[in-house]
**Student:** 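Got a structure for you, written out below as structure tokens; questions coming shortly.
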Amino acid sequence: MKKIFELGFYVTFGAGIAFGISSFTILSEMFKVASSFWVIVSICLAGVVCMLLSSSIAELASMYPSAPGVRTYLKVALPPRTSLFLVYLYLMFMIMVAGIESYLFALVVRQLFPQLPALAVVLTLLACTVIVNLLGLELPRGVQMFTTTALILGVLALGATGAGSHLSNLHWNATTIMAGHPLSQIGDAVGSAVYLFIGFEWVTMMGFTAKAYERKIPISMPLAILTNVVAYCIFSLALATRLPVEAVTGTAIPQLPYFVQIFGPRGSVVGLVLSILAIVSCFNAGVMGGSRLIHALAREGNFPKSWGKISLTTGAPIGGVLALGVLASIASVVIVRFELEEVAAVTGSAIVCFVYAAFMWAVLRLRKTQPNARRTFRSPLPVWLQWALIGILPIAGILALFGIKGKTVQVLATALGLVLVSAVTVWWSTRYKNAAALNLQTKTS
Amino acid sequence: MATTDVSAVQTSILLDSLHDFQKTFNANQRVKKLIKGWNRFLKAESTDTNEIYTVTIEDLTITKVESGCPRPEGDEDVITLQAAQETLVRIFLGKYNPAHALIDGALAVFSGDRDKVKLEAIAMIIWGL
């Protein structure tokens, strides 16, 4: 029973952290560049790529169990500046996700309470999350499992109910499927689809014991991805069968018009309930994870010392939580002000494609540099396939940047801006760290 | 001819470091504020020498350092620290920040997220790491 609970926790954690409100936004984005058939194919392809990738991550996790994944895996395998650069990009992605998720939550809330200003809802949500984390309150494992299970079962049930009797509306036949350059549709959609699974790898920090890294964690990641593939595909079919494409692509929260179509005006309440479940399982864990990453980087000397401050009464990483809260609030204000949720999500997806490729590269490098290091799990993928994925993932990421028609300049400018900020932060961190070390040396002597 | 029971007098640098940690920990008043209501078992597992010791934190003090682990597997009050002996010794003597060791991949900690931060906070208070 305990073993089933443990595996269930890993699967639901991985699936839940990847399933946010912004997942629906990405589905809407995908419908802009691909027909319903190729949307489903792209989701499955991205899922398969992530499943293959998960075996490499499982190998890294078996070498460094419980370590803060993105920082440790890249730090031990790649040159210091390269690894720090990728970590900063990943951190910025997390900050953007906090901004996107809170803004989308505000959009859902405003369907029921249109008089509420979006920014006020966004900042209230962020403030509540920050306060909960400052107080050191942790979501019990059972609650985390319950919210994710309820969310995914809810999406599956509501999707299947809606799609079930209307599948003939899809009009899938050789002519419709092959129309409009299928390869180009997949190319534009797969990179974005990777976003739907981002976060599954965070489970590698959650292992109950060292033994979990031998089988349970490696199995839990593909299971979590598979769960989400099924949920996303069924919901995409439901969107395609019950709404005209313009209704899906015309909003960042396509789940709302769908629920309204099924339940009438009460559909907005269903949308709100699902959004709250997504916030509990994805947003809180993400904010907590992001603050831990900032805390770890500050303790390493890469960020100001105050960002690594810990509450002496609760043990909460208050410096990291506050820093993330402030940065996420700034990101939210920018996203709300310029309605950049789609741009930010697609840019984030591209960033993570590069980071995931770096994980696979890290595995191959470590096999060369540390061939005898303890590995309780070894990726069964042939080396040529790993190299192929190292090439494919960045290409998918770059193609995703060109996926939103009419917003390519904004997306490229955002991506370039983030790369620049990361590079400058690496340069600043290095100087800051050196200055701190010199200061300490002077004090000691 | 009488023989000496070698195992009885055998010592371990890891065990010594844990006893040192016990003294430093119990003598520190500030750390007591941090661990109010925090009763845990710190299980130190050396991956190269296979030694296992458990440190019991109970009612604001370390009451026991014992060989092996008396708690059942899966007990949520057990925090397991797994590393090479030298790394564990350096951590318990305050020469290696456990947070750095975790990031460097030299240490594995199996516990809740908050317990990890708490351990780091203890190191910060005791040794100013």
Side-chain angles (χ1 to χ4, degrees), chain A residues 2-3 5-6 60-77 87 133 136-141 205-213 285 288-289 291-293 295-302 308-318 320-321 366 370 373-374, chain B residues 28-38 40 43-48 50 52 57 69 71-84 87 96-126 128-129:
Chain A
K2 248 183 183 174
K3 278 181 185 170
F5 174 86
E6 189 180 345
L60 291 167
S62 81
M63 292 177 77
Y64 307 106
S66 83
V70 67
R71 180 67 188 123
T72 301
Y73 305 157
L74 300 180
K75 185 181 181 182
V76 292
V87 169
N133 281 291
L137 302 174
E138 214 173 354
L139 202 63
R141 284 171 182 158
M205 285 194 286
M206 311 301 292
F208 294 0
T209 59
K211 233 178 150 40
Y213 292 84
M288 186 58 205
S291 63
R292 290 271 296 137
L293 187 57
H295 170 81
L297 288 164
R299 298 287 284 142
E300 269 191 308
N302 292 309
K309 209 171 168 199
I310 297 174
S311 159
L312 292 186
T313 41
T314 62
I318 48 175
V321 171
L366 286 171
Q370 299 179 31
R374 186 182 62 155
Chain B
N28 195 305
Q29 291 308 308
R30 282 183 68 207
V31 89
K32 298 197 188 310
K33 192 178 158 193
L34 174 70
I35 58 160
K36 226 173 249 175
W38 194 68
R40 294 287 189 277
K43 182 177 162 194
E45 256 186 64
S46 159
T47 48
D48 49 350
N50 297 322
I52 297 176
I57 302 175
C69 182
R71 308 297 296 180
E73 206 180 320
D75 185 336
E76 287 193 15
D77 286 341
V78 176
I79 301 171
T80 305
L81 290 98
Q82 227 178 41
T87 306
Y96 194 4
N97 186 328
H100 288 187
L102 194 64
I103 294 169
D104 294 342
L107 170 73
V109 182
F110 304 104
S111 70
D113 240 9
R114 290 279 179 237
D115 285 339
K116 284 181 193 168
V117 183
K118 204 93 154 179
L119 282 181
E120 202 196 331
I122 291 170
M124 206 188 252
I125 290 175
I126 296 180
L129 289 173

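For clarity, every value in this text was computed on a predicted model and none was experimentally measured. Letters go in sequence order (proteins before strands), and every chain restarts at 1.
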**Student:** Counting only heavy atoms not in Lys118(B), do more than 12 sit closer than 6.0 Å to its NZ atom?
**Tutor:** yes

**Student:** Going by salt bridge (charged side-chain N to carboxylate O under 4.0 Å, His left out), name the residues that satisfy it together with Arg71(B), two or more places apart in sequence or in a different chain.
**Tutor:** Asp75(B)

**Student:** Please determine whether the number of non-hydrogen atoms from other residues, nucleotides or ligands lying under 6.0 Å from atom CD of Gln370(A) exceeds 12.
**Tutor:** yes

**Student:** Can you say whether Glu76(B) sits under 4.5 Å from chain A via the side chain, the backbone, both, or neither, judging by heavy atoms?
**Tutor:** side chain

**Student:** Would you mind telling me which of Ala296(A), Ser311(A), Ala210(A), Gly308(A) has the largest number of heavy-atom pairs within less than 4.5 Å of chain B?
**Tutor:** Ala210(A)

**Student:** Supply the atom-to-atom distance Met205(A) CE to Leu102(B) CG, rounded to the nearest 0.5 angstrom.
**Tutor:** 9.5 Å

**Student:** Could you look at Asp104(B) and say if it's the side chain, the backbone, both or neither that has a heavy atom under 4.5 Å from chain A?
**Tutor:** both

**Student:** At a heavy-atom distance under 4.5 Å, which candidate from Arg71(A), Met63(A), Glu300(A) has the highest pair count against chain B?
**Tutor:** Glu300(A)

**Student:** Counting only non-hydrogen atoms closer than 4.5 Å, does Lys33(B) touch chain A with its backbone (N, CA, C, O), its side chain (CB onward), both, or neither?
**Tutor:** both

**Student:** Give me the atom names and distance for the closest heavy-atom approach of Pro65(A) to Ala108(B).
**Tutor:** O-CB, 3.3 Å

**Student:** Under a 4.5 Å cut-off applied to non-hydrogen side-chain atoms, are Ser66(A) and Lys116(B) in contact?
**Tutor:** yes

**Student:** Which atom pair, heavy atoms only, marks the closest approach of Phe110(B) to Phe208(A)?
**Tutor:** CB-O, 3.2 Å

**Student:** Measure the CZ-CG distance between Arg299(A) and Asn97(B) for me, rounded to the nearest 0.5 Å.
**Tutor:** 4.5 Å

